[in-house]
Number of protein chains: 2
Amino acid sequence: MTPARSRRPGAPTRTERGIPEATVARLPVYLRALTALSDSGIATASSEDLATAAGVNSAKLRKDLSYLGSYGTRGVGYDVEYLRYQIAREIGVTQDWAVVIVGIGNLGHALANYSGFGTRGFRIVALLDADPTLVGERIGDMVVRDFAELEEIVAADRVSIGVITTPAGPAQEVCDRLVSAGVTSILNFAPVVLSVPDGVDIRKVDLSIELQILAYHEQRKSGEAALPEVPELPAMNGVVPDLPSVGGGVGA
Amino acid sequence: MTPARSRRPGAPTRTERGIPEATVARLPVYLRALTALSDSGIATASSEDLATAAGVNSAKLRKDLSYLGSYGTRGVGYDVEYLRYQIAREIGVTQDWAVVIVGIGNLGHALANYSGFGTRGFRIVALLDADPTLVGERIGDMVVRDFAELEEIVAADRVSIGVITTPAGPAQEVCDRLVSAGVTSILNFAPVVLSVPDGVDIRKVDLSIELQILAYHEQRKSGEAALPEVPELPAMNGVVPDLPSVGGGVGA
DNA sequence: TCGATTTTGTTCTCACGTTCACAAGCTCCT
DNA sequence: AGGAGCTTGTGAACGTGAGAACAAAATCGA
Ligand SMILES: NC(=O)c1ccc[n+]([C@@H]2O[C@H](COP(=O)([O-])OP(=O)(O)OC[C@H]3O[C@@H](n4cnc5c(N)ncnc54)[C@H](O)[C@@H]3O)[C@@H](O)[C@H]2O)c1
Ligand SMILES: NC(=O)c1ccc[n+]([C@@H]2O[C@H](COP(=O)([O-])OP(=O)(O)OC[C@H]3O[C@@H](n4cnc5c(N)ncnc54)[C@H](O)[C@@H]3O)[C@@H](O)[C@H]2O)c1
């Protein structure tokens with residue numbers, strides 16, 4: 001089963017010009033740092049400067065950039081504008097991506113009102129909701145449209161990215177509709193695990209999870225021994241001390 | 001320089017009862033899956049069932065759970081309620097954590113209106129804003145209060161978690177105020193890198209970054225060779241083809 | 001021109017994370 | 001009682017990521 005591969009162990013497996021996932025996740029941070037430097041009128045920056053601005057270690061930054069090519073000058077640093085363009089190109093935000101938002105409730109409204117996407121390579125082409133009382137509402141310079149128009153809009157505007165801000169219940173169904181309409185990237189805010197076919201990318205933003213991660217560390221800080229030291233013996237199976245409705249929950 | 005450490009290579013460095021960070025990030029997902037199973041009236045689940053519900057591989061799930069203790073029964077599976085309680089306890093959501101939200105604009109309003117936190121171990125004790133025209137506004141059963149009252153509120157309610165939904169500009173300043181008031185965990189939505197002293201945990205939620213990561217993969221899908229193959233020679237330093245204002249940006 | 005100085009690009013090593021594979025342990029049936 | 005059949009918990013192999021360290025390349029001043 002072990003083919004005659006003879007890579008040096010420890011070398012990241014990357015296909016032609018493929019970039020490690022961890023690096024991809026940091027490129028947008030570098031991009032933002034470069035834009036900030038550029039706005040401050042700074043034309044050149046060393047990896048140390050950039051790393052500080054981006055909140056990472058400079059060795060890591062240099063290694064990340066080296067995956068894109070050799071865009072710096074030894075002894076000098078990086079040309080801010082040039083590097084910014086190269087990163088923008090690598091990420092793909094030199095072109096605009098069409099985005100639809102589905103579910104114009106609390107969160108959908110906030111996203112629709114947000115001006116920050118347009119300046120970062122994304123164009124919101126439609127706000128969709130299934131609730132007839134919402135359809136027609138104006139938000140900024142857009143109008144909420146009926147979710148039934150999805151397929152038409154995706155085809156007309158070459159939409160490749162969909163944002164789901166519906167309650168958890170209908171999220172999978174909405175996701176399926178997006179995918180079959182031709183959307184191949186999804187950003188999900190609903191607290192459910194969505195399943196998608198191969199070839200479709202999905203990312204989730206989950207505020208409850210973020211808070212719970214903070215809570216875990218918070219608990220460690222305040223009194224290491226303050227944990228309710230409940231017996232861990234499996235003997236107590238089924239006998240749960242007294243947990244009201246705290247915990248996960250798929251709730252709307 | 002190599003001290004007499006004799007750990008077996010490959011063993012994760014964890015302090016007493018410390019859990020790997022990657023595992024901590026998945027525990028809330030398991031918690032939610034267990035709650036969903038519980039709500040469906042399922043009393044027992046195998047690692048395979050749970051893994052499917054949580055969208056992970058079953059070996060990973062078992063290893064994750066093994067860091068908490070040995071809460072399953074071989075040949076049978078896990079008792080849903082019991083495991084749910086154990087995970088909730090480990091994360092720290094058997095108790096309620098007091099949270100303040102700073103910056104009640106688009107996003108702050110959405111979070112304030114969201115009912116999902118209360119049922120997951122968090123209690124929003126204050127909505128704060130510096131804008132006098134917002135102070136006094138009712139949102140649900142809460143009233144927006146002046147940011148100046150921060151210290152008082154943190155002390156009175158033992159607030160340990162702060163959420164920042166202000167524009168990027170004032171975010172670091174707000175963060176410093178939170179920290180000096182005694183907050184030790186911060187969830188940041190503003191698109192800036194915040195710096196905090198040791199002992200303070202910080203997590204960020206950044207929608208532009210999420211979209212840009214999707215864009216990167218999207219670009220690979222649609223025409224591998226469709227990249228604008230700009231010369232990579234450093235000779236063109238400073239000469240940027242034609243990049244309007246696309247890219248990062250610290251914008252409000 | 002040459003050496004001192006600076007800073008990149010890359011290599012090497014260690015740490016962390018994921019997955020496989022299987023012994024240990026539990027239940028149930030005969 | 002004893003074996004068949006499952007499922008957990010974990011050891012070991014493999015893959016990915018982070019960071020220290022340094023050689024290579026550029027600038028600058030003498
Ligand atoms: N609001 C928050 O701060 C917050 C925080 C964390 C998570 N979330 C999650 O984000 C999602 C949205 O939250 P919200 O507060 O905006 O909810 P919301 O109830 O205010 O809005 C949901 C919207 O989705 C629409 N919708 C429902 N079914 C639909 C369908 N099948 N097709 C199209 N549209 C449909 C509804 O009409 C409604 O307008 C939820 O899953 C919630 O759990 C929200
Ligand atoms: N709205 C979105 O969908 C969205 C998306 C991505 C990122 N963000 C980011 O989230 C943050 C909030 O976005 P928003 O759309 O809600 O912005 P917003 O402008 O609507 O609201 C910001 C609020 O912060 C308050 N504020 C300003 N300075 C303050 C200070 N020093 N102390 C206390 N309060 C202060 C303002 O009064 C305002 O009410 C921004 O950083 C934005 O970049 C928002």
Side-chain angles (χ1 to χ4, degrees), chain A residues 1-3 5-15 18-27 29-30 44-52 54-80 82-83 86 232-235 237, chain B residues 1-3 5-15 18-27 29-30 44-52 54-80 82-83 86 232-235 237:
Chain A
M1 241 322 182
T2 356
R5 290 181 306 121
S6 61
R7 288 189 317 99
R8 182 175 59 76
T13 315
R14 278 171 294 105
T15 47
I19 294 177
E21 204 45 42
T23 296
V24 170
R26 282 187 295 265
L27 290 179
V29 179
Y30 303 155
T44 300
S46 70
S47 63
E48 201 64 57
D49 299 339
L50 261 176
T52 303
V56 301
N57 162 310
S58 70
K60 182 150 65 179
L61 180 132
R62 285 201 300 280
K63 184 180 286 202
D64 284 342
L65 294 184
S66 79
Y67 291 120
L68 311 194
S70 194
Y71 296 141
T73 308
R74 292 168 192 230
V76 177
Y78 300 90
D79 180 285
V80 170
Y82 180 64
L83 182 58
Q86 293 298 343
E232 298 181 12
L233 29 141
N237 257 5
Chain B
M1 236 324 182
T2 357
R5 290 182 304 119
S6 62
R7 288 191 316 101
R8 182 174 57 75
T13 316
R14 277 170 297 106
T15 48
I19 294 177
E21 204 43 45
T23 296
V24 170
R26 283 187 294 265
L27 290 180
V29 179
Y30 302 156
T44 301
S46 70
S47 62
E48 201 64 57
D49 299 338
L50 262 176
T52 302
V56 301
N57 162 312
S58 70
K60 181 148 66 180
L61 179 133
R62 285 200 302 279
K63 176 150 285 198
D64 284 342
L65 294 184
S66 79
Y67 291 120
L68 310 195
S70 194
Y71 295 141
T73 308
R74 293 171 192 227
V76 178
Y78 299 89
D79 180 286
V80 170
Y82 181 64
L83 182 58
Q86 293 298 343
E232 297 180 14
L233 28 142
N237 257 7

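Residue numbers start from 1 in every chain, and the chains themselves are labelled A, B, ... in the order their sequence lines are given, proteins ahead of strands. Below, each value reflects all heavy atoms present in this structure, side chains not excepted, and no hydrogens, waters or symmetry copies.
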Report the distance from atom [atom1] of [X] to atom [atom2] of [N], rounded to the nearest whole Å.
{"X": "B:Asp64", "N": "C:dT18", "atom1": "CG", "atom2": "P", "answer": "7 Å"}
{"X": "B:Glu21", "N": "C:dC16", "atom1": "CD", "atom2": "P", "answer": "11 Å"}
{"X": "B:Ile19", "N": "C:dG17", "atom1": "CD1", "atom2": "C1'", "answer": "15 Å"}
{"X": "B:Arg62", "N": "C:dC26", "atom1": "CZ", "atom2": "C1'", "answer": "15 Å"}
{"X": "B:Tyr30", "N": "D:dT8", "atom1": "OH", "atom2": "P", "answer": "13 Å"}
{"X": "B:Leu50", "N": "D:dG9", "atom1": "CG", "atom2": "P", "answer": "11 Å"}

Where each residue is assigned the nucleotide of DNA chain D containing its nearest heavy atom, which of A:Arg26 and B:Ser46 is assigned the position nearer the 5′ end?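 Here B:Ser46 is the residue nearer the 5' end.
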Does the side chain of A:Tyr30 come within less than 4.5 Å of A:Val56's, by heavy atoms?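 Of all side-chain heavy-atom pairs linking A:Tyr30 with A:Val56, at least one is under 4.5 Å.
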What string of B, S and - do you get for nucleotides 25-30 of chain D 5' to 3' if you count protein non-hydrogen atoms under 4.0 Å? BSS---
Identify the two heavy atoms, one from [X] and one from [Y], that lie closest to each other, and give their separation to 0.1 Å.
{"X": "B:Ala54", "Y": "B:Val29", "value": "O-CG1, 3.6 Å"}
{"X": "A:Val80", "Y": "A:Thr44", "value": "CG2-N, 3.9 Å"}
{"X": "A:Ser58", "Y": "A:Ala51", "value": "CA-CB, 3.5 Å"}
{"X": "B:Tyr78", "Y": "B:Ser46", "value": "CD1-C, 4.4 Å"}

Start with the C-alpha gap between B:Arg62 and B:Leu65, add the side-chain angles, then the distance that decides, and say whether side chain to side chain contact (heavy atoms under 4.5 Å, CB included) holds. CA-CA 5 Å; B:Arg62 285 200 302 279; B:Leu65 294 184; 5.9 Å; no
Derivation of the side chain to side chain donor-acceptor pair (under 3.5 Å) call for A:Asp49 and A:Thr52: CA-CA 5 Å; A:Asp49 299 339; A:Thr52 303; 6.0 Å; no
Is there a side-chain contact between [X] and the phosphate of [N], meaning an N or O under 4.0 Å from OP1 or OP2?
{"X": "A:Lys60", "N": "D:dA18", "value": "yes"}
{"X": "B:Ser47", "N": "D:dT7", "value": "no"}
{"X": "A:Tyr78", "N": "C:dG9", "value": "yes"}

Output the distance between atom CG (B:Leu68) and atom OG1 (B:Thr23), rounded to the nearest 0.5 Å.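 The CG atom of B:Leu68 sits 8.5 Å away from the OG1 atom of B:Thr23.
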Measure the angle between the two terminal helix axes of the helix from C:dT1-D:dA30 to C:dT30-D:dA1, five base pairs each, and quote it to 10°.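 The end-segment axes of the helix from C:dT1-D:dA30 to C:dT30-D:dA1 are tilted 10° relative to each other.
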Of the candidate nucleotides C:dG17, D:dG19, D:dG17, which contains the atom at the shortest distance from the side chain of A:Lys63?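 So the nucleotide nearest the side chain must be D:dG19.
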